[in-house]
Each structure stands twice: as structure tokens, then as C-alpha cells.
Amino acid sequence: MGILDTVTETLASSTQRAPGEGGDDGSAGAYWCDDCTTRVRDVDVDAEGLDRDAEGTPLCPDCGEAMRFERASGSGCAC
């Protein structure tokens, strides 16, 4: 069963992540503009230089409206 074991090991290792790879960057979700369908991950808001409203909610870079926060539902990325 050498070939079967090799295939099984290869498939198992292809789904494992190394420490610090993807999904471990502190992201809890993303901000969305429902009108423009613009999406910005929460950890990228400051790097993108988005303005914020009085409550600290990021404003859409396309239309200027407050964006809606959507929490990530899985353990992977917030895509």
C-alpha cells in the first residue's frame, strides 16, 4: 500500500497551515459598503487610509457612506 499511503500523506499535508500562515493576523471580519460592494478587512482599514465617522466606523472610499462590519464566521480568513 505504498502509493496509497503516499497520496494520503500528501493530501493531509496540503491542507495543514504552518504557524503564522493565513487567518492568524488578528482579523475578526471585514467592513462592507452595501451600495458599492466595496470590502475592506478590519486589519487593513488603517493601511488603506480610510476616513472614519464620529463613531469610528470606516467610511467607504468610493461613496463616503459608513460601512457595515461583518464578523468572520470561520477559522480561516475573512473573505
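Below, all heavy atoms of this structure are taken into account, side chains as well, without hydrogens, waters or symmetry copies. We number each residue from 1, following the sequence as shown.
- Asp44 is linked by a side-chain hydrogen bond (donor to acceptor under 3.5 Å, both in side chains) to nothing, counting only residues two or more places apart in sequence or in another chain.
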Cut-off 3.5 Å, no hydrogens considered: what does the side-chain donor-acceptor table look like for residues 57-65, sequence neighbours left out?
{"residue": "Asp62", "atom": "OD2", "partner": "Thr38", "partner atom": "OG1", "Å": "2.7"}

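- Hydrophobic side-chain contacts under 4.5 Å tie Val45 into a cluster, directly or through other members, with Tyr31, Val40, Leu50, Met67, Phe69.
- Among residues two or more places apart in sequence or in another chain, the salt bridge (Lys or Arg N to Asp or Glu O under 4.0 Å) test is passed with Asp46 by Arg52.
- For Arg68, the salt bridge (Lys or Arg N to Asp or Glu O under 4.0 Å) partners at least two apart in sequence or on another chain are Asp34, Glu70.
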